[in-house]
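Note that this is a predicted model, so its numbers are computed, not measured.
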Amino acid sequence: MSEVKNNRFYRIFGSRKVFVTYFICLLLIAGTMIGSIVTSLVSNNHEKMIEHSLLSLIAIFLLHIPMMMRSKFSIRIPAWITITITVFIVAHFVLGEVFRFYDHVFLFDKVLHLIAGIVIAMCGFSIVYSFSKTQSGFVRLSPVFVAIFSFCFAVTILTLWEFFEYGMDMLFGLNMMRWRDGLTEIEIDGVIYLITSSQMGTALIDTMNDLIIGTIGAAIICVLGVIWLKKFPRSTTFYIMKDKELGTKNVIESK
């Protein structure tokens with residue numbers, strides 16, 4: 001019975017390090033949501049309660065995607081990629097959005113977007129690398145083509161993320177694109193007017209800076225990826241792969 005449980009455990013998480021990271025991050029997100037609900041009820045600020053609860057629920061959903069890909073689709077994701085994505089989700093939704101690290105911690109937003117560009121490019125690199133390998137272990141595609149695909153993949157995902165932030169702001173009145181930061185409230189005769197303090201708009205500046213920084217991170221990884229592929233064409237250590245063994249038996253990456 002214990003062997004079956006162990007097989008299921010490694011089938012879902014792959015390693016104890018991933019499970020510990022996932023469990024800690026899940027507790028942080030759940031604790032943040034509960035704490036925000038209690039605080040909002042005490043202060044009678046229901047708008048913040050809804051906003052923080054929504055952000056926490058989105059974070060919990062995204063947290064489960066790597067495990068779902070592994071357990072449902074037998075895709076082996078290296079532990080370090082899963083851990084990085086998990087920590088990134090908490091850093092963005094909990095620290096950045098709920099606790100406002102984006103406003104109070106210098107370059108916090110830019111560092112996260114740089115890391116996002118790096119990780120997404122590595123995921124794209126590993127995916128196209130994995131699906132283009134022959135049975136002998138060599139890659140059919142040239143390293144330069146793989147790098148170009150990975151770069152385009154990363155820029156596309158980064159752009160879609162900005163679409164997601166825009167959609168959340170428009171549908172639920174959030175401030176993920178920092179559009180509220182450039183507004184000043186002025187009350188005249190009992191009417192509140194919103195006046196922008198930036199000619200270009202803070203949302204546009206924030207979006208373009210995020211895309212540029214993420215693109216730089218992706219470009220760095222693609223250049224390094226070409227060098228890595230040429231030196232170690234058969235290495236699979238850092239790559240996301242379709243693992244047939246995950247569908248039939250336990251594969252232990254590391255304990």
**Q** NZ/Lys110 to CD1/Ile213 distance, rounded to the nearest 0.5 angstrom?
**A** 5.0 Å
**Q** Let me check something: do Phe145 and Phe125 share a hydrophobic cluster, defined by ILVMFWY side-chain heavy atoms less than 4.5 Å apart, either directly or through other members?
**A** yes
**Q** Could you give the distance from CZ (Phe101) to CG (Leu112), rounded to the nearest 0.5 Å?
**A** 10.5 Å
**Q** Does CZ belonging to Phe149 count more than 12 external heavy atoms closer than 6.0 Å?
**A** yes
**Q** Contact between Ile240 and Cys123 at the side-chain level, heavy atoms closer than 4.5 Å - yes or no?
**A** yes
**Q** Can you name the nearest heavy-atom pair linking Ser53 to Ile37, along with the distance?
**A** OG-CG1, 3.6 Å
**Q** Indicate yes or no: at least one non-hydrogen side-chain atom of Ile29 is less than 4.5 angstrom from one of Met33.
**A** no
**Q** If you take all heavy atoms of Cys25 and Thr86, which pair is closest and at what distance?
**A** SG-CG2, 3.5 Å
**Q** Flag the pair Phe151 / Thr215 as yes when at least one side-chain heavy-atom distance between them is below 4.5 Å, and no otherwise.
**A** yes
**Q** Val144 and Met122: same hydrophobic cluster, using ILVMFWY side-chain contacts below 4.5 Å?
**A** no
**Q** So how far is it from Phe61 CZ to Ser56 OG, rounded to the nearest 0.5 Å?
**A** 15.0 Å
**Q** Are there more than 12 heavy atoms of other residues, nucleotides or ligands under 6.0 Å from atom CE of Met170?
**A** no
**Q** Look up atom NE2 in His113 and atom CZ in Phe88, then write down how far apart they are to the nearest 0.5 Å.
**A** 6.5 Å
**Q** What closest approach, in Å, do Ala154 and Ala218 show between heavy atoms, and which atom pair accounts for it?
**A** CB-CB, 3.6 Å
**Q** If you group Ile, Leu, Val, Met, Phe, Trp and Tyr by side-chain heavy-atom gaps below 4.5 Å, do Ile50 and Ile58 land in one group?
**A** no
**Q** State, to 0.1 Å, how close Leu55 and Phe93 come at their nearest heavy-atom pair, and which atoms those are.
**A** O-CD2, 3.6 Å
**Q** How about Leu63 and Tyr22: do any of their side-chain heavy atoms sit closer than 4.5 Å?
**A** yes
**Q** Considering only heavy atoms from C-beta outward, does the side chain of Leu211 approach that of Glu162 to under 4.5 Å?
**A** yes
**Q** Using a 4.5 Å cut-off on heavy atoms from C-beta on, say whether the side chain of Met67 contacts that of Thr82.
**A** yes
**Q** Please check if the distance between the ring centroids of Tyr102 and His92 is under 6.0 Å.
**A** yes
**Q** Quick check: do Leu158 and Asp210 have side-chain heavy atoms less than 4.5 Å from each other?
**A** no
**Q** Specify the closest pair of heavy atoms between Met49 and Leu41, including all atoms of both residues, with the distance to one decimal.
**A** SD-CD2, 4.0 Å
**Q** Does Val119 share a hydrophobic cluster with Ile212, counting links as ILVMFWY side-chain heavy atoms below 4.5 Å and allowing steps through other members?
**A** no
**Q** For residues Ser150 and Gly124, report the shortest heavy-atom separation together with the two atoms involved.
**A** OG-C, 3.5 Å
**Q** Is Ile89 close to Val94 at the side-chain level, that is, under 4.5 Å between some pair of heavy atoms?
**A** no
**Q** If hydrophobic clusters are built by linking Ile, Leu, Val, Met, Phe, Trp and Tyr wherever their side-chain heavy atoms come under 4.5 Å apart, do Phe153 and Val223 end up in the same one?
**A** no
